[in-house]
Amino acid sequence: MESKIRGLERLGRLEFKYIILLFMVCLYPLAVIPHSFDFYGPYPDYFYAPRYVLLGTAALLALIVLIKERAAINHRVALPLGGFVLFALTATLLAAYPVTAWVGSPLRYTGFSTYIFCLILFLLASRANREKLLPCMAAAAALVSLLAVLQLLDLNLVPREDLRQGITAYGTLGTPDNVGTYAAFVLPAALYLYIARQQSRWLTVIALIYGGLLLSFTWGAWIGALAGMAAVGLCYRRTGHKGLWLRLAGLLLMVTLLFAAGTEVWDLQKRVGVVNPWEQLIVMQNTGKLFLSSWEFGLGPDHLFHVIRILPMVPLLDKTPNLYLETAVTLGGFALAAYLIFLGNILWRGRKDVLLAMMIVYLVQGLFYSEGLLLMPLFWIVLGLSQNGRGIEKPQS
């Protein structure tokens, strides 16, 4: 009883900005609202439309906090970030379909407003302490992965729309690819928390997240996760006891072997499905041709949705399987250049720790997947956290 009272007291002492950020890193990935939202688009949508509303609400509250605290942006990132916003806004104003440009297409919601919402959360996170956020982020990812595993075992606790019948291992995120990219992104945080705190419960969290990553059969996320794990190892190679690293390696090996055995026995690959990389390559080639015809300011945010309706026979997707090409073809080459300069500034000047590893995961898997409403806000929050000099406790040696 006393521990519950102390927990409530700590919650009561939390600053409002932490309540907003905790909601985003912990509850936002879990949000599934089983209601047919028909205010935008002809499809029932339990996963995207509700999150767009939640993201907008969180960003509005964050903006109020920033105005109240008279927050200022770091001058080192202000110029490229301002350039990105200016070029993206120009692409939005020039777009053929204004509603799509501002809000995004149905089941995507990555219009210009989504970037502004993420930018606001970036500014708020740059004033926050990471120690209070990463444990909740890792716990949420473990729960999503657990739900995905249960779905593969035919125990589905998450409602889904009719259009997703037959899809398994989607957790609370709608598709296995979303689960894979999300798990890969958060995995370095779980690894770090075990390295820093050396508590056995974080081994369980690591096992669940890693299992969800494998069972998603998202090969691009696997590559990103490998890059992130290598970054964690490089950042903390001089810390921790040798036995700690051996336990981590043994755990990951055990989960990998279980995954391999399950794939062999239950044919999990067919149950989940795997994206064909050659088909992705063809899509990227055709998207590149579109970019050459409108390279300055692009087609407009989420406008590939309209292109595939106009050209249904051309091998295209409403989202390009490449973050950088997607940005270029929708927002234009100028916006992409400013975005890369902004990211490069943060990677170069930020702290070389777990947050760097998480950013590396996101950017590496971005070679194979586009940005989406589910993971974008978390990435921008991590970008903001990396700008704050106050970090998590250092790993114990």
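Please read these numbers as outputs of a predicted model, since none were measured by experiment.
Looking at Glu69, Glu15, Gln387 one by one, the single match for side-chain hydrogen bond (donor to acceptor under 3.5 Å, both in side chains) with Arg127 turns out to be Glu69. Here the rule is side-chain contact (heavy atoms from CB on, under 4.5 Å) with Tyr182, and of Leu375, Asp177, Ile209, Leu213 only Leu375 fits it. Partner of Met358 under the side-chain contact (heavy atoms from CB on, under 4.5 Å) criterion, out of Leu383, Val232, Leu134, Leu187: Leu134 alone.
Between the side chains of Tyr210 and Thr256, at least one donor-acceptor pair of N or O atoms lies under 3.5 Å. Looking at Asn178 and Tyr369, their side chains never bring a donor and an acceptor atom within 3.5 Å of each other. Side-chain contact check for Tyr194 and Arg247: at least one donor-acceptor pair (N or O, by modelled atom type) lies under 3.5 Å. Counting only N and O atoms by type, the side chains of Tyr52 and Ser113 include a donor and acceptor under 3.5 Å apart.
Atom-to-atom distance recorded for Asn286:CG and Leu290:CG is 7.5 Å, nearest 0.5 angstrom. Atom CD of Glu371 and atom SG of Cys118 lie 8.0 Å apart (nearest 0.5 Å). Going from atom CD1 of Ile341 over to atom OH of Tyr339 covers 13.5 Å, rounded to the nearest 0.5 Å. The OG1 atom of Thr168 lies 8.5 Å from the CG atom of Asp154; values are rounded to the nearest 0.5 Å. Atoms CG and CD, from Leu193 and Gln199 in turn, are 9.0 Å apart once rounded to the nearest 0.5 Å. A distance of 13.0 Å separates CG in Leu21 from CZ in Arg130, rounded to the nearest 0.5 Å.
In this structure, the side chain of His303 does not engage the main chain of Thr330 through any donor-acceptor pair within 3.5 Å. Gln151 places a side-chain N or O within 3.5 Å of a backbone atom of Tyr170 that can act as its donor or acceptor partner. Using a distance-only test at 3.5 Å, with no hydrogens or angles considered, no donor-acceptor pair links the side chain of Asn322 to the main chain of Phe368. Side chain of Gln365 to backbone of Ala225: no donor-acceptor contact under 3.5 angstrom is found. No donor-acceptor distance shorter than 3.5 angstrom exists from the side chain of Tyr192 to the backbone of Asp353, with no hydrogens or angles considered. At distances below 3.5 Å, not a single donor-acceptor pair connects side-chain atoms of His306 with backbone N or O atoms of Leu304.
Using a 4.5 Å cut-off on side-chain heavy atoms (C-beta onward), Leu340 and Leu336 make contact. Looking only at side-chain heavy atoms (C-beta outward), Arg108 and Phe305 stay at 4.5 Å or farther from each other. A 4.5 Å side-chain heavy-atom check between Leu191 and Trp202 finds every atom pair outside the cut-off. Here the side chains of Val272 and Leu215 are not in contact, with every heavy-atom distance at 4.5 Å or above. Looking only at side-chain heavy atoms (C-beta outward), Leu150 and Asn156 stay at 4.5 Å or farther from each other. Considering only heavy atoms from C-beta on, Leu363 comes within 4.5 Å of Tyr324 through its side chain. With a 4.5 Å cut-off on side-chain heavy atoms, Leu281 and Gln285 count as touching. Contact annotation: the side chain of Leu356 approaches that of Leu347 to within less than 4.5 Å [non-hydrogen atoms, C-beta and beyond].
Under the 4.5 Å side-chain heavy-atom criterion for grouping Ile, Leu, Val, Met, Phe, Trp and Tyr, Met376 is connected to Trp102 within one hydrophobic cluster. Linking Ile, Leu, Val, Met, Phe, Trp and Tyr residues whenever their side-chain heavy atoms come within less than 4.5 Å places Leu367 and Leu343 in a single cluster. Both Tyr46 and Leu157 are part of a single hydrophobic cluster, where members link through side-chain heavy atoms under 4.5 Å apart. Cluster annotation: Val307 and Leu292 are assigned to the same hydrophobic cluster (Ile/Leu/Val/Met/Phe/Trp/Tyr, side-chain heavy-atom contacts under 4.5 Å, transitive). Residues Ile167 and Val179 share a single hydrophobic cluster, defined by chaining ILVMFWY side chains whose heavy atoms lie under 4.5 Å apart.
Residue Gln280 comes nearest to Pro321 through the heavy atom pair NE2-CB, 3.4 Å, listed as atom of the first residue, atom of the second, then distance. Summarising the geometry of Leu133 relative to Tyr18, their closest heavy-atom pair is CD2-CD2, 4.5 Å, with the distance given to 0.1 Å. Here the closest heavy-atom approach between residue Leu22 and residue Cys136 is recorded as CD2-SG, 3.6 Å. For Ala125 against Leu385, the heavy-atom pair with the smallest separation is O-CD2, 3.5 Å. In this structure, Phe259 and Leu214 approach most closely via the heavy-atom pair CE1-O, 3.3 Å. Taking each heavy atom of Val361 and Pro188 in turn, the nearest pair found is CG2-CG, 3.9 Å.
In this structure Asp302 satisfies the salt bridge (Lys or Arg N to Asp or Glu O under 4.0 Å) test together with Lys319, sequence neighbours excluded. In terms of the side-chain hydrogen bond (donor to acceptor under 3.5 Å, both in side chains) criterion, residue partners of Ser216 (sequence neighbours excluded) are, by chain and number, Thr218. A search for ring pair (Phe, Tyr, Trp, His ring centres under 6.0 Å) contacts involving Phe379 returns Tyr362, not counting sequence neighbours. Among residues two or more places apart in sequence or in another chain, the side chain to side chain contact (heavy atoms under 4.5 Å, CB included) test is passed with Pro98 by none.
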Just distance, no hydrogens or angles: give the donor-acceptor pairs under 3.5 Å from side chains in residues 24-33, sequence neighbours left out.
unit_1	atom_1	unit_2	atom_2	d
Tyr28	OH	Leu373	O	2.8

Check residues 82-94 and write down every donor-acceptor pair under 3.5 Å in which the side-chain atom is one partner and the other belongs to a residue at least two apart or another chain.
unit_1	atom_1	unit_2	atom_2	d
Thr90	OG1	Leu86	O	2.9
Thr92	OG1	Ala88	O	2.8

Run the side chain to side chain contact (heavy atoms under 4.5 Å, CB included) check on Met229 and Leu252 step by step: do they pass?
-> CA-CA 11 Å; Met229 288 190 286; Leu252 296 179; 3.8 Å; yes
Test Leu173 against Arg51 for side chain to side chain contact (heavy atoms under 4.5 Å, CB included), laying out the working first.
-> CA-CA 10 Å; Leu173 303 179; Arg51 280 194 176 91; 3.7 Å; yes
Go through Phe122 and Phe342 one step at a time and tell me if the ring-ring contact (aromatic ring centres under 6.0 Å, His included) criterion holds.
-> CA-CA 12 Å; Phe122 162 79; Phe342 164 66; 5.6 Å; yes
Could you walk me through whether Trp380 and Leu121 pass the side chain to side chain contact (heavy atoms under 4.5 Å, CB included) check?
-> CA-CA 7 Å; Trp380 281 76; Leu121 292 174; 5.6 Å; no
Tell me, with the steps shown, if Tyr115 and Leu331 meet side chain to side chain contact (heavy atoms under 4.5 Å, CB included).
-> CA-CA 11 Å; Tyr115 284 95; Leu331 302 181; 4.1 Å; yes
